[in-house]
A.B. asks: 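Structure below; questions to follow.
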Amino acid sequence: MEQNNYLGTEKVGTLLRKFAIPCICSLIISCLYNIVDQIFVGNMIGYVANGATGIIFPITVVGWGMSLFFGDGVAAMLSMCLGSNKTEDIHRYVGNGIMWTVISGLVIILISYSAGDSLLWLIGATEENIEMAHAYGFIIYAMMPLAMLQNCLAAIIRADGSPKYSMLAMIVGAVINIVGDPICISFWGIRGAAIATIVGQFVSFSICFAYLFRSKNFKLSLASFKPSFHLTKKIMSLGTSSLLTQLFIMIITVVNNILLVKFGAMSEYGSDIPLSAFVVIMKLFQIVLNIAIGIAAGAQPIVGYNYGAKKYDRVMELLKLVVKWTAVVCIVCTVLFEAIPQAFILMFGADSELYLEFAVQCLRIYLSLILFTCLQKVCAIFLQSIGHAREAAPLSALRDVLLIIFSLIVTQLIGVTGVFWAAPLADVIAIAITAFAMAKLWKSLKLEKLAEEKAQNMVLRPLPSKH
């Protein structure tokens with residue numbers, strides 16, 4: 001087993017760059033699978049096809065959420081075990097995480113295939129896009145268990161001290177998808193986009209799976225996969241925050257799809273323009289959010305190790321750096337979204353002036369306070385990294401619950417654009433509550449630091465001489 005002592009001694013800024021940059025790249029590349037599909041189908045088929053791929057998005061988000069539920073939970077446990085030098089159960093955490101990820105993937109495809117088009121109608125399909133959504137989803141579902149396992153393994157690989165390997169696996173798969181998309185779409189239409197996606201996912205999975213034979217801090221055997229309720233409970237408690245984040249993205253997408261179809265039909269834009277615009281805006285939102293999550297997830301192994309080793313000063317320094325880096329990225333993105341929104345919308349294709357006008361207006365509204373969104377999410381991940389699952393879970397869901405409530409209320413007041421105005425309203429309240437929670441955490445870390453320093457002084461103090 002390879003020791004990770006450098007996580008407790010190397011400069012935290014250097015460590016964060018080493019872990020966060022590959023993690024950001026991995027997450028961005030991962031979301032590119034769906035985004036590249038949207039860009040090519042939007043330009044080669046039309047904006048209705050963007051709406052069709054967006055209908056399948058909530059189902060893939062559920063799979064992503066389950067993979068993070070187990071993957072991030074295992075990663076957090078692995079890091080804390082290394083920091084506290086309690087490594088005997090690491091291989092069983094990994095084995096149980098892998099097993100439950102595969103099982104949950106099989107359940108998702110069973111439900112998706114069994115429900116068929118009724119599921120697609122339920123989550124917002126329209127007469128215009130149902131046929132394309134069915135064709136795209138039927139192929140995407142097939143790779144779900146392996147795509148989920150790849151995502152779970154990527155988190156474990158990063159926590160094992162190999163963030164660049166995880167990034168490489170994602171890059172190779174994404175390149176295959178990007179190159180394959182225009183070729184496959186030209187032959188098979190929207191089915192081609194799905195084929196290019198699953199081929200890329202399979203290659204990424206294969207590279208991540210190969211890592212299990214060269215891992216640094218655990219070696220898997222049949223005993224690793226023996227189900228353990230005790231270990232699984234720990235994994236799930238630490239992964240709950242990640243799961244809730246993804247599940248609420250799914251719920252938000254479904255609720256908003258339904259609202260956009262309903263209130264769009266009552267407006268000059270119709271149902272398909274608001275639905276397609278929302279899909280594109282959510283992709284841009286996802287890119288920025290993944291950068292922020294990448295910073296926090298990259299910090300996770302370092303934070304977990306140092307918290308386990310009771311090096312609270314380093315934990316506090318890492319929190320400051322994570323918040324600072326997130327703020328810089330989000331401010332830059334906000335300026336770009338507000339200054340040149342047309343450039344971002346046109347990347348995904350815009351074969352209607354009315355569509356372009358609506359999408360530009362709503363992009364500026366929905367992403368105006370993305371800084372608050374991202375800061376709120378990274379704070380929840382930070383809490384998860386130090387094992388504060390009880391605080392992390394509700395905080396990760398806070399903004400999303402508020403967003404759903406405001407979406408339902410504001411659309412009744414101002415119509416279809418209410419879906420987009422709900423986001424900044426939710427962001428303001430969520431960041432205020434999050435700031436209060438993080439101030440409380442900062443105070444507790446200071447107290448733990450003082451207690452640890454006092455305990456060390458007691459140990460180092462010389463015994464009084466006996467005279």
Side-chain angles (χ1 to χ4, degrees), residues 34-35 37-39 41-43 45-59 61 120-133 136 190 248-287 337-338 341-370 373 400 402-427:
N34 190 262
I35 290 170
D37 283 356
Q38 305 252 228
I39 290 172
V41 299
N43 283 285
I45 304 174
Y47 70 81
V48 174
N50 267 338
T53 59
I55 293 301
I56 304 302
F57 179 65
I59 301 169
V61 168
L120 304 183
W121 287 115
L122 182 65
I123 58 180
T126 68
E127 292 285 353
E128 290 287 329
N129 64 34
I130 183 66
E131 189 177 332
M132 286 189 283
Y136 183 78
I190 200 163
F248 274 105
I249 289 175
M250 181 272 293
I251 295 168
I252 287 165
T253 304
V254 171
V255 169
N256 285 346
N257 283 353
I258 294 168
L259 290 173
L260 289 165
V261 169
K262 177 184 175 181
F263 287 93
M266 295 190 253
S267 73
E268 62 179 306
Y269 304 106
S271 296
D272 286 295
I273 283 178
L275 183 62
S276 299
F278 178 69
V279 169
V280 169
I281 291 167
M282 282 298 288
K283 297 311 163 208
L284 297 170
F285 171 81
Q286 190 183 4
I287 291 172
F337 289 147
E338 297 299 322
Q342 295 92 337
F344 295 101
I345 297 299
L346 289 171
M347 279 195 312
F348 294 85
D351 48 355
S352 160
E353 283 296 326
L354 190 62
Y355 165 76
L356 180 61
E357 175 194 330
F358 181 84
V360 165
Q361 174 196 359
C362 293
L363 184 153
R364 282 181 163 147
I365 297 167
Y366 196 86
L367 301 181
S368 59
L369 293 181
I370 198 168
T373 311
D400 301 323
L402 290 170
L403 181 57
I404 293 167
I405 293 170
F406 283 129
S407 294
L408 293 168
I409 295 171
V410 183
T411 48
Q412 300 291 334
L413 300 174
I414 63 173
V416 69
T417 55
V419 167
F420 302 92
W421 279 109
L425 291 173
D427 287 328

A.B. asks: Please name the pair of heavy atoms, one in Val416 and one in Pro274, separated by the smallest distance, quoted to 0.1 Å.
C.D. replies: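 Val416 and Pro274 have their closest heavy atoms at CG2-CB, 3.8 Å.
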A.B. asks: Should we count CD of Glu131 as having more than 12 external heavy atoms under 6.0 Å?
C.D. replies: no
A.B. asks: How about Phe248 and Ile404: do any of their side-chain heavy atoms sit closer than 4.5 Å?
C.D. replies: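 Yes. Closest side-chain heavy atoms under 4.5 Å.
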A.B. asks: Do you know which two heavy atoms are closest between Phe278 and Leu260, and how far apart they sit?
C.D. replies: CB-CD1, 3.3 Å
A.B. asks: Could you list the residues that satisfy side-chain hydrogen bond (donor to acceptor under 3.5 Å, both in side chains) with Ser407, not counting sequence neighbours?
C.D. replies: Asn256
A.B. asks: In Å and rounded to the nearest 0.5 Å, what is the CZ to OG1 distance from Phe263 to Thr417?
C.D. replies: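 The distance works out to 11.0 Å.
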A.B. asks: Set out, in order, the CA-CA distance, both residues' side-chain angles and the distance that settles side-chain contact (heavy atoms from CB on, under 4.5 Å) for Leu120 and Ile56, then state yes or no.
C.D. replies: CA-CA 8 Å; Leu120 304 183; Ile56 304 302; 3.7 Å; yes
A.B. asks: Atom OG in Ser368, atom CH2 in Trp421: separation rounded to 0.5 Å?
C.D. replies: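 The CH2 atom of Trp421 is 7.0 Å from OG of Ser368, to the nearest 0.5 Å.
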A.B. asks: Run Thr373 and Leu367 through side-chain contact (heavy atoms from CB on, under 4.5 Å) and show every step you take.
C.D. replies: CA-CA 9 Å; Thr373 311; Leu367 301 181; over 6 Å; no
A.B. asks: Among Ile252, Ile258, Leu259, find the residue that satisfies the side chain to side chain contact (heavy atoms under 4.5 Å, CB included) test when tested with Val255.
C.D. replies: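 Among Ile252, Ile258, Leu259, the one that satisfies the side chain to side chain contact (heavy atoms under 4.5 Å, CB included) with Val255 is Leu259.
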A.B. asks: Starting at CD1 of Ile345, measure out to OH of Tyr355 and round the result to the nearest 0.5 Å.
C.D. replies: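 Atom-to-atom, Ile345:CD1 and Tyr355:OH are 5.5 Å apart.
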A.B. asks: Drop me the distance from Asp272's CG to Asn129's CG, to the nearest 0.5 angstrom.
C.D. replies: 6.0 Å
A.B. asks: With a 4.5 Å limit on heavy-atom distance, are the side chains of Val61 and Thr253 in contact?
C.D. replies: no
A.B. asks: How far apart are the closest heavy atoms of Ile130 and Ala125, and which atoms are they?
C.D. replies: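 Heavy atoms only, the tightest pair is CD1-CB, 3.7 Å.
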A.B. asks: Nearest heavy-atom pair of Phe337 and Arg364: which atoms, and what distance?
C.D. replies: O-CG, 4.1 Å
A.B. asks: Taking the side chain as everything from C-beta on, heavy atoms only, tell me whether Leu354 gets closer than 4.5 Å to Glu268.
C.D. replies: yes
A.B. asks: Just wondering, do Lys262 and Met266 contact through their side chains at under 4.5 Å, heavy atoms?
C.D. replies: yes
A.B. asks: How are the rings of Tyr269 and Phe358 set to each other: parallel, tilted or perpendicular (split at 30° and 60°)?
C.D. replies: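 Judged by the thresholds at 30° and 60°, the geometry between Tyr269 and Phe358 is tilted.
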A.B. asks: Where do Gly418 and Val410 come nearest, in terms of heavy atoms and distance?
C.D. replies: CA-CG1, 3.6 Å
A.B. asks: Could you tell me the separation between the CG atom of Leu425 and the CD1 atom of Ile405, rounded to the nearest 0.5 Å?
C.D. replies: 12.0 Å
A.B. asks: Once rounded to the nearest 0.5 Å, what's the spacing between atom CD1 of Ile281 and atom NZ of Lys283?
C.D. replies: 12.0 Å
